[in-house]
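Inspection log for the structure reproduced underneath, given as structure tokens.
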Amino acid sequence: MFFHIVLERNMQLHPRHFGRDLRDKLVAKLMKDVEGTCSGRHGFIVAITGIESVGKGLIRDGTGFVTFPVKYQCVVFRPFKGEILEAVVTMVNKMGFFAEAGPVQIFVSNHLIPDDMEFQTGDMPNYTTSDGSVKIQKDSEVRLKIIGTRVDATEIFCIGTIKDDFLGVISDPGATS
């Protein structure tokens, strides 16, 4: 799920950046340092949408660097248990498959795949129904449900299932139209 929140960060800036465009340099450094990162508490920071305030700088002794407290608004993505997501399959093996929904990697165990789907080995490993009508392979798009999350300091891992109503393959890249 996406949220719009306010976060705070202390930014260090080298004295060579001081001048007329100090604020612009600070914002550019903030975007470079923060966008695309993950904090276990808030989730993945997708984009900075605005700067609320830039506090007074504090000169660091001995280095000349200045630390500015910056308060900014941003969009974050954090998956929750029970959430339905659409994801792209990145790897298939006999244990299940891995899929990605944006920055989040989700593992779907073979126990959480419908019973009528069986693992097929070969040059393109996949899970296929007995009649061959549905196939999950690399680059397939699937709709899945998050049944568990594990949050580390810098990453979020999820476990998902497609063994539920209205879940499963959305599009199959191997299907001929």
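Along the sequence shown, residues carry numbers from 1. Basis for what follows: all heavy atoms, side chains included, without hydrogens, waters or symmetry-related copies.
The neighbour count for Met95 CE, taken as heavy atoms of other residues, nucleotides or ligands under 6.0 Å away, does not exceed 12. Other residues, nucleotides and ligands contribute at most 12 non-hydrogen atoms within 6.0 Å of the CG atom of Asp115. By the neighbour-count criterion of 12 heavy atoms within 6.0 Å, atom CD1 of Ile84 is densely surrounded, having more than that number from other residues, nucleotides or ligands. Taking a 6.0 Å sphere around CG of Asn10, one finds it holds more than 12 heavy atoms contributed by other residues, nucleotides or ligands. Crowding of Phe166 atom CZ: a count of heavy atoms from other residues, nucleotides or ligands under 6.0 Å not exceeding 12.
Between His14 and Phe65, the angle of the ring planes goes over 60°, which puts this pair in the perpendicular group of the 30/60° scheme.
The backbone N or O of Phe3 sits nowhere less than 3.5 Å from a side-chain atom of Arg78 that would complete a donor-acceptor pair. Between the side chain of Tyr127 and the backbone N or O of Gly96 there is at least one donor-acceptor pair closer than 3.5 Å. Of the possible donor and acceptor atoms, none in the side chain of Thr67 sits under 3.5 Å from a partner among the backbone N and O of Met11.
Within the 4.5 Å cutoff, no side-chain heavy atoms of Lys94 are placed close to those of Asn110. The shortest side-chain heavy-atom distance between Val169 and Lys135 does not fall under the 4.5 Å cut-off. Annotation: side chain of Thr128 is not in contact with side chain of Met117 (no heavy-atom distance under 4.5 Å). A heavy-atom distance below 4.5 Å is not found between the side chains of Thr129 and Glu118.
The side chain to side chain contact (heavy atoms under 4.5 Å, CB included) test with Pro79 is passed by exactly one of Ile106, Val104, Val151: Val104. Of the options Ile5, Asp33, Thr37, a side chain to side chain contact (heavy atoms under 4.5 Å, CB included) to Ile45 is made by Thr37 and by none of the others. Looking at Val34, Ile51, Val27 one by one, the single match for side chain to side chain contact (heavy atoms under 4.5 Å, CB included) with Val70 turns out to be Ile51.
Salt-bridge annotation for Arg150 and Asp152: present, with a side-chain N of the basic residue lying under 4.0 Å from a carboxylate O of the acidic one.
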